[in-house]
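Just so it is clear, the model here is predicted, and its values are computed rather than measured.
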Amino acid sequence: MSKELATRAEDYSKWYNDLVVKADLADHSAVRGCMVIKPYGYGIWEKMQHALDKMFKDTGHVNAYFPLFIPKSFFSKEASHVDGFAKECAVVTHYRLKNDANGGGIVVDNDAKLEEELIVRPTSETIIWNTYKGWIQSYRDLPILVNQWANVVRWEMRTRLFLRTAEFLWQEGHTAHATAEEAIEETKKMLDVYADFVENWMAVPVIKGVKTANERFAGALDTYCIEALMQDGKALQAGTSHFLGQNFAKAFDVKFATKEGNQDFVWATSWGVSTRLMGALVMSHSDDNGLVLPPKLAPHQVVIVPIYKGDEGLKKVSETALQIVAKLKAKGITVKYDDRDTQRPGWKFAEYELKGVPVRVAIGERDLANGTVEVARRDTLSKETVKADGIENYIEQLLNDIQSNLYKIALERRAAMTHEANSYDEFKKLLDEKGGFIYAHWDGTSETEEKIKEETKATIRCIPLNNKQEAGKCIYSGKPSTQRVIFARAY
RNA sequence: CGGGGUGUAGCGUAGCCCGGUAUCGCGCCUCGUUUGGGACGAGGAGGUCGUCAGUUCGAAUCUGGCCACCCCGACCA
């Protein structure tokens with residue numbers, strides 16, 4: 001099988017598609033817009049899940065599970081929520097099939113029509129707030145800090161593996177609080193958790209910010225987000241955290257008795273990250289040779305390839321290799337010893353490069369004689385010969401170096417692709433010639449944002465948190481502005 | 001969902017205009033030689049030509065419907 005990839009320079013989007021498929025992360029399925037996440041790709045997702053899940057637990061959250069189906073009536077209780085999602089909902093209308101009397105095979109049984117249609121969840125606020133109504137009577141029942149790992153369906157027109165699929169996996173946190181302050185604090189806390197995860201595990205730098213009204217989640221008062229920049233200069237929203245105010249409490253009539261004995265509506269948040277992070281991971285670090293994975297999320301952090309002649313040779317090399325495997329495992333490093341005799345070393349090198357394994361160790365009979373091994377790192381594609389003695393410490397350090405190097409490179413790339421524009425002409429020029437994040441003054445109106453989007457395809461990614469305040473003029477309308485916001489073309 | 005394109009063995013393709021059961025490379029299987037960056041030789045297997053219907057003595061090839069994928073728009077995590 002030829003594994004050659006398109007290069008980023010010649011066709012970035014083909015490169016991405018090729019890579020996802022050829023590195024065995026995912027595949028298109030028989031169902032339109034839906035993907036099969038293959039074991040190697042799912043292994044990365046599982047590592048993401050484990051890290052995030054621990055962070056959620058450490059911040060006081062617990063997991064639960066709510067139904068896949070949502071009664072249509074629930075869905076329509078929050079007006080802006082319906083507006084936001086109505087156009088992309090899968091709807092269940094029947095509950096039975098039958099054999100066609102005319103021999104047309106299996107058909108929907110029209111006698112089995114549901115009295116009330118069920119929506120396949122595009123997100124779970126409504127079913128959850130309907131449930132919370134029964135859980136909350138008093139301030140003593142608050143806060144509720146629940147997360148669920150689930151699949152959701154949004155009937156997208158155009159899909160791309162991981163970046164936008166009709167069904168995707170995610171987690172959604174849904175919390176309930178007695179005060180607005182506490183809910184806002186929760187919203188920001190989870191944004192910090194996301195930023196921490198994406199930067200320290202995925203090695204992808206992000207900008208924390210708040211969305212403009214146009215880009216806000218349907219039903220939220222404020223949407224906070226982390227925005228990452230991909231190698232092609234397009235932005236990608238990597239996670240969102242919403243302050244929902246009392247919108248859902250009001251829609252589902254969720255009130256609680258306050259300490260003072262009054263009745264008040266509950267304050268809400270919701271926050272989520274999805275398998276889209278896989279796309280961000282791929283596009284942040286990978287190169288024309290294939291995937292590059294940060295050690296903290298790589299299913300195999302190290303692969304060891306033996307080089308030998310004949311069965312006897314393999315036996316000798318394996319003895320040393322397995323000792324190294326044991327030492328690495330003792331340090332908690334995940335290592336694969338690939339002693340398959342069906343592939344040659346060069347083939348394996350190329351394969352693990354394509355799959356982004358951070359560190360490759362090659363051991364041959366020459367090494368046995370010299371007491372060395374050859375260590376190659378995926379991020380720089382460099383290799384060196386290292387003493388076998390104490391190799392586990394060397395590799396442990398190397399993995400840390402790779403992790404921080406990937407972050408550093410991504411951060412430098414982002415800096416190089418971040419610009420300021422002071423006029424609309426300059427803005428358009430930057431957008432077409434360089435892409436990336438563009439800091440520019442904006443008059444704060446939806447109309448202006450909308451116009452810029454129509455004319456340039458760029459959207460306001462966010463208003464950065466703790467943004468520098470400076471007087472200026474909107475690049476589009478010329479009206480006064482107090483700060484620059486971040487524009488970019490986005491995924 | 002609109003416009004454009006593509007669909008032939010696991011993958012990439014030739015053939016299609018001008019109708020006669022399919023080409024090549026990679027991969028796969030067997031044997032042997034090999035093994036420090038995708039090995040070499042010899043032999044072999046694998047196809048209802050996306051799918052359904054139509055035209056025809058005969059369809060990969062012509063016509064129509066449908067499906068999937070890619071690119072561009074609208075929409076979006």
- [ ] May I ask you to verify if any side-chain N or O of A:R344 is less than 4.0 angstrom from the OP1 or OP2 atom of B:G38?
- [x] no

- [ ] Would you classify A:K457 as touching base, sugar-phosphate or nothing, given that sugar-phosphate means primed atoms plus P, OP1 and OP2, and contacts are heavy atoms under 4.0 Å?
- [x] sugar-phosphate

- [ ] Output yes when at least one side-chain N/O atom of A:S13 is less than 4.0 Å from OP1 or OP2 of B:C71, else no.
- [x] yes

TODO: Considering only atom P, compute the distance from B:C17 to B:U30 and round it to an integer number of Å.
DONE: 41 Å

Task: Charged N-O contact under 4.0 Å between A:K189 and A:D196 - done: no

Open item on the list: Judged by each residue's nearest nucleotide on RNA chain B, which is more toward the 5′ side, A:A238 or A:L368?
Closed with: A:L368

- [ ] Have a look at A:T372 and say if it touches a base, only the backbone sugar-phosphate, or nothing, with a 4.0 Å heavy-atom cut-off.
- [x] nothing

Open item on the list: Quick one, A:D53 and A:W149 - any side-chain contact, counting heavy atoms below 4.5 Å?
Closed with: yes

Open item on the list: What contact category does A:D367 fall into here, base, sugar-phosphate, or nothing, at under 4.0 angstrom with non-hydrogen atoms?
Closed with: base

Open item on the list: What is the distance, to the nearest angstrom, from the CD atom on A:E450 to the C1' atom on B:A74?
Closed with: 12 Å

Task: Nucleotide paired to B:G41 in any strand shown, Watson-Crick or G-U, under 3.5 Å - done: B:C31

Open item on the list: Strictly by Watson-Crick or wobble contacts shorter than 3.5 Å, is anything paired with B:G2, and which nucleotide is it?
Closed with: B:C72

TODO: If B:C49 has a Watson-Crick or G-U wobble mate with both distances under 3.5 Å, name it; if not, just say none.
DONE: none

TODO: Verify the contact: side-chain N or O of A:R158 to OP1 or OP2 of B:C72, cut-off strictly under 4.0 Å; return yes or no.
DONE: yes

Open item on the list: Tell me whether the side-chain N/O atoms of A:R160 come closer than 4.0 Å to OP1 or OP2 in B:C69.
Closed with: no

Open item on the list: When you measure only distances, ignoring hydrogens and angles, does the side chain of A:R360 come within 3.5 Å of the base of B:G37 through a donor and an acceptor?
Closed with: yes

TODO: Answer yes or no on whether A:R360 is positioned over the face of A:F349, meaning its NZ or CZ is under 6.0 Å from the six-membered ring centre and within 45° of the axis.
DONE: yes

- [ ] Describe the nucleic acid contact of A:E374 in one word from base, sugar-phosphate, nothing, applying a heavy-atom distance below 4.0 Å.
- [x] base

Task: Base-pairing mate for B:G10 - Watson-Crick or G-U, with both contacts under 3.5 Å - done: B:C26

Task: Partner nucleotide of B:C18 by Watson-Crick or wobble geometry (both distances under 3.5 Å) - done: none

Task: Spacing of the P atoms in B:C49 and B:U61 (rounded, Å) - done: 9 Å

TODO: Classify the side chain of A:K383 and the base of B:G37 as holding, or not holding, a donor-acceptor pair under 3.5 Å.
DONE: yes

Task: Residue closer to the 5' end of RNA chain B, A:P306 versus A:Y491 (nearest nucleotide) - done: A:P306

- [ ] Determine, for A:Y224 and A:K208, whether the Lys NZ or Arg CZ falls below 6.0 Å from the six-membered ring centre while staying within 45 degrees of the axis.
- [x] no

Task: Where A:L399 and A:Q301 come nearest, the two heavy atoms and their spacing - done: CD2-O, 3.9 Å

Task: Base paired to B:G54 (Watson-Crick or G-U; both N/O distances under 3.5 angstrom) - done: B:C62

Open item on the list: Any donor-acceptor pair, under 3.5 Å, between the side chain of A:E353 and the base of B:G37, if you only look at N and O atoms?
Closed with: yes

Open item on the list: It should be established whether A:N289 places a side-chain nitrogen or oxygen under 4.0 Å from OP1 or OP2 of nucleotide B:G37.
Closed with: no

